[in-house]
Enquirer: 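Encoded as structure tokens, here's the structure I'll be asking about.
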Amino acid sequence: MRRPSYHRDYRGRLEVKMTPMIDVIFLLLVFFVCTASFRTVEESLPATLSWAGATAEQPVEPELLDLDQVIVRIHWRDGTLEWRVNDRPLESLAEVREVLAGVAAVQADLPVILDPDGEVPIEAVIDVYDLCRRVGLVRVQFSAAATG
């Protein structure tokens with residue numbers, strides 16, 4: 001006796017349904033992308049901390065011997081900010097940007113030391129730090145007073 005054709009076709013075709021598996025993979029992918037954290041760490045600034053009055057323990061590169069470091073002092077006097085770049089008083093953050101852009105045009109890896117007073121708001125210090133990085137200065141450091 002001959003079997004009906006629908007029995008032969010059913011046993012002869014073994015296939016895996018890929019559509020549900022692909023759906024699950026895409027669902028997992030979307031889940032992991034949505035739950036991943038892409039924020040940068042706010043407390044990690046690519047800079048080093050120098051103690052005020054401390055001598056440098058690292059040897060100075062020979063190409064930096066002809067140029068000195070740039071010291072940006074930020075003062076808070078009577079509710080207003082004052083900036084000094086290498087003891088040259090500046091009126092605004094735009095003037096600080098012009099001076100630092102000129103420094104970056106000459107030598108971008110020149111050390112820049114930010115020396116804020118204790119009363120200066122952190123926003124003003126971060127503004128100057130961002131300005132240094134924006135104009136292309138790559139060696140930005142912070143000065144800190146030694147406690148003893």
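These figures come from a predicted structure and were not determined experimentally. What you see below is based on every heavy atom in this structure, not just the backbone, and it leaves out hydrogens, waters and symmetry mates.
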Enquirer: Applying side-chain contact (heavy atoms from CB on, under 4.5 Å), can you list everything that pairs with E98, at least two apart in sequence or on another chain?
Expert: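 By the side-chain contact (heavy atoms from CB on, under 4.5 Å) rule, E98 matches no residue at all.
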Enquirer: For a side chain to side chain contact (heavy atoms under 4.5 Å, CB included) check, start with the C-alpha distance between N86 and V70, then their side-chain angles and the critical distance, and finish with the verdict.
Expert: CA-CA 6 Å; N86 285 352; V70 176; 4.3 Å; yes
Enquirer: Sequence neighbours excluded and cut-off under 3.5 Å, please list the side-chain donor-acceptor pairs for residues 23-32, or say none.
Expert:
none

Enquirer: Looking only at non-hydrogen atoms, find the nearest pair between A108 and G136 and report the distance.
Expert: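 Of all heavy-atom pairs spanning A108 and G136, the closest is CB-O, 3.5 Å.
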Enquirer: Just jot down the side-chain contact (heavy atoms from CB on, under 4.5 Å) partners of V135, sequence neighbours excluded, or say none.
Expert: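 R97, L100, A101, A104, L137.
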Enquirer: Decide yes or no on side chain to side chain contact (heavy atoms under 4.5 Å, CB included) for V140 and R133, but give the supporting numbers first.
Expert: CA-CA 8 Å; V140 182; R133 300 296 287 193; 4.1 Å; yes
Enquirer: Taking atom CZ of R88 as the centre, does the number of heavy atoms from other residues, nucleotides or ligands within less than 6.0 Å exceed 12?
Expert: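 Incorrect, the count does not exceed 12.
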Enquirer: Any donor and acceptor pair, going by atom type alone, linking the side chain of R84 with main-chain N or O of V72 inside 3.5 Å?
Expert: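 No: the side chain of R84 does not pair with the backbone of V72.
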Enquirer: Among residues at least two apart in sequence or on other chains, which ones pass salt bridge (Lys or Arg N to Asp or Glu O under 4.0 Å) with D87?
Expert: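 Salt bridge (Lys or Arg N to Asp or Glu O under 4.0 Å) check on D87 returns R73.
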Enquirer: Does a side-chain heavy-atom distance below 4.5 Å link V99 with L90?
Expert: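 Counting from C-beta outward, V99 and L90 do come under 4.5 Å.
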Enquirer: Can you give me every donor-acceptor pair (side chain of residues 112-128, partner residue at least two apart or in another chain, under 3.5 Å) with its distance?
Expert:
unit_1: D117; atom_1: OD1; unit_2: H75; atom_2: ND1; d: 3.3
unit_1: D117; atom_1: OD2; unit_2: H75; atom_2: ND1; d: 2.8

Enquirer: Identify the two heavy atoms, one from L131 and one from L93, that lie closest to each other, and give their separation to 0.1 Å.
Expert: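 Distance-wise, the nearest heavy atoms are CD2-O, 4.3 Å.
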